[in-house]
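Encoded as structure tokens, the structure appears first; notes follow it.
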Amino acid sequence: MAARYRIFSVRVAAVTALTPHFVRVTLTGAALAEFSAVGLDQRIKVMLPIDGHGFSELPDDGDWYAAWRALPDDVRNPLRTYTVRSFRPDAHELDIDFVAHGDAGPASRWVSGCRVGDEIRIVGPRVPESPDELPTGAAEFAPGTATRILLAGDETAAPAICAILEALDVATVGHVFIEVPTDADRLPVSAPSGVEVRWIARNGASHGVRMTDQVHAWASTVTAAGTPTGCSDPADFTEVDVDEQVLWEVPAPVEERPVYAWIAGEAGCVKELRRHLVRGVGLDRRQVAFMGYWRNGKAEQ
């Protein structure tokens, strides 16, 4: 059986500055004929070149990760997680929206200087040999039969949220809160008429504060309207130490779920929002998908 994930060697086809902090990089390559898009918020790994070295040789298939881990530190290419903004299989093109923030990390440094023709590598699911071999764990948005949705996240979650919005059924009802660095970082996105999208600019405020206030206000309307929220038991709530544990829980779809919440971004903010929705509002934890994409002050491993 072929490996479900592989390394794809691709090149930069276009670099588009979307806003002061968002840059879209379009990647292309014949290898993308084997790439499989499995979800709206699909994650991939971006493997970045090392100055003066480029890329270390790794197997495309099989246990590429073990081979990568075994490399010496100075030639182990950095890996970072991103969301596929869009994939055009017929053209063998894939878009990734990067958040540019200077030299703060290897991905931001790379995107600030990348040019058309530059080589890069991504790790993602390959086209399966049969339907029962579809990969799992690469995409999380699964509202099931929910009649009302909540999407909330910071700029690192904005590409995933935009991809979800553009694929929602026209009858979908819900609210979306996206926090970005400045007013100029609002991205154009289409959404069903019943979904309200709010772009929240920090403009120098602390990360997550304004988005948290907006989500709390939304939650109060859910409670005031008497919307059934499930049967959450406070004793079933488990706190997560975001400094030591992975903040990631994605419930399987359940029947008769009236509200579905999808929250992603900085782990500390996501943890607080999850606590409020489950403990404060009373959403059943099976109604809340939450993902700590990054942790303030810590590099991705």
Side-chain angles (χ1 to χ4, degrees), residues 15-26 40-44 46 80-86 95-112 114 140-141 149-168 174-192 195-219 242 247 261-274 276-277 289-300:
V15 181
T16 307
L18 301 176
T19 74
H21 290 92
F22 284 106
V23 177
R24 176 167 297 165
V25 177
T26 300
L40 303 179
D41 54 342
Q42 181 178 334
R43 301 182 314 282
I44 58 172
V46 174
R80 293 295 183 267
T81 305
Y82 280 87
T83 303
V84 175
R85 179 60 179 87
S86 60
D95 293 336
I96 302 174
D97 289 354
F98 289 81
V99 179
H101 42 81
D103 291 335
S108 185
R109 285 194 297 272
W110 178 80
V111 78
S112 66
C114 73
E140 314 297 0
F141 182 73
I149 66 166
L150 165 70
L151 302 175
D154 60 20
E155 60 266 36
T156 63
I161 292 175
C162 287
I164 290 169
L165 280 173
E166 292 175 350
L168 289 175
H175 285 76
V176 178
F177 304 97
I178 310 172
E179 181 179 291
V180 289
T182 70
D183 287 302
D185 289 306
R186 301 167 189 261
L187 295 166
V189 64
S190 59
V195 177
E196 180 182 349
V197 181
R198 297 183 189 176
W199 292 89
I200 306 163
R202 285 194 297 275
N203 290 329
S206 297
H207 197 107
V209 173
R210 291 179 175 171
M211 182 176 68
T212 297
D213 290 343
Q214 295 263 2
V215 175
H216 280 210
W218 170 87
V242 294
L247 184 74
W262 182 104
I263 305 167
E266 196 280 322
C269 178
V270 171
K271 175 183 176 180
E272 195 284 329
L273 290 176
R274 178 238 186 179
H276 181 72
L277 292 176
F290 59 94
M291 295 138 284
Y293 279 179
W294 62 287
R295 177 60 171 145
N296 196 11
K298 288 196 172 185
E300 180 180 348

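The first residue in the sequence is number 1, and the count goes up from there.
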How many angstroms lie between [atom1] in [X] and [atom2] in [Y], if you round to the nearest 0.5 Å?
| X | Y | atom1 | atom2 | result |
| --- | --- | --- | --- | --- |
| Ile263 | Lys271 | CD1 | NZ | 14.0 Å |
| Arg274 | Cys269 | CZ | SG | 14.0 Å |
| Gln42 | Ser86 | CD | OG | 11.5 Å |
| Leu151 | His175 | CG | NE2 | 11.5 Å |
| Ile178 | Trp199 | CD1 | CH2 | 3.5 Å |

Report yes or no: does [X] contribute a side-chain atom to a donor-acceptor pair with the main-chain N or O of [Y] at less than 3.5 Å?
| X | Y | value |
| --- | --- | --- |
| Asp185 | His21 | yes |
| Arg202 | Arg210 | no |
| Asp183 | Ala201 | no |
| Asp154 | Glu266 | yes |
| Thr83 | Pro159 | no |
| Glu179 | Ile200 | no |

Side chains of [X] and [Y] in contact at under 4.5 Å (non-hydrogen atoms):
| X | Y | result |
| --- | --- | --- |
| Ile149 | Trp262 | no |
| Phe177 | Leu273 | no |
| Pro106 | Arg109 | yes |

Return the minimal non-hydrogen interatomic distance between [X] and [Y], and the atom names on each side.
| X | Y | value |
| --- | --- | --- |
| Val23 | Ala100 | CG2-CB, 4.2 Å |
| Tyr82 | Val46 | CD1-CG2, 3.8 Å |
| Ala184 | Thr19 | O-CB, 3.4 Å |
| Leu168 | Pro192 | CB-CG, 3.8 Å |
| Ile161 | Ala152 | CD1-C, 4.0 Å |
| Ala157 | Tyr293 | CA-CE1, 3.8 Å |

Name all residues meeting the side chain to side chain donor-acceptor pair (under 3.5 Å) criterion together with [X]; count only those two or more places apart in sequence or in a different chain, and write none if there are none.
| X | value |
| --- | --- |
| Thr16 | none |
| Arg198 | Glu196, Gln214 |
| Thr26 | Asp95 |

Could you walk me through whether Ile96 and Ile44 pass the side-chain contact (heavy atoms from CB on, under 4.5 Å) test, one step at a time? CA-CA 10 Å; Ile96 302 174; Ile44 58 172; 3.7 Å; yes

Could you work out, with ring pair (Phe, Tyr, Trp, His ring centres under 6.0 Å) as the rule, every residue matching [X], not counting sequence neighbours?
| X | answer |
| --- | --- |
| His207 | Trp294 |
| His216 | His276 |
| Phe22 | none |

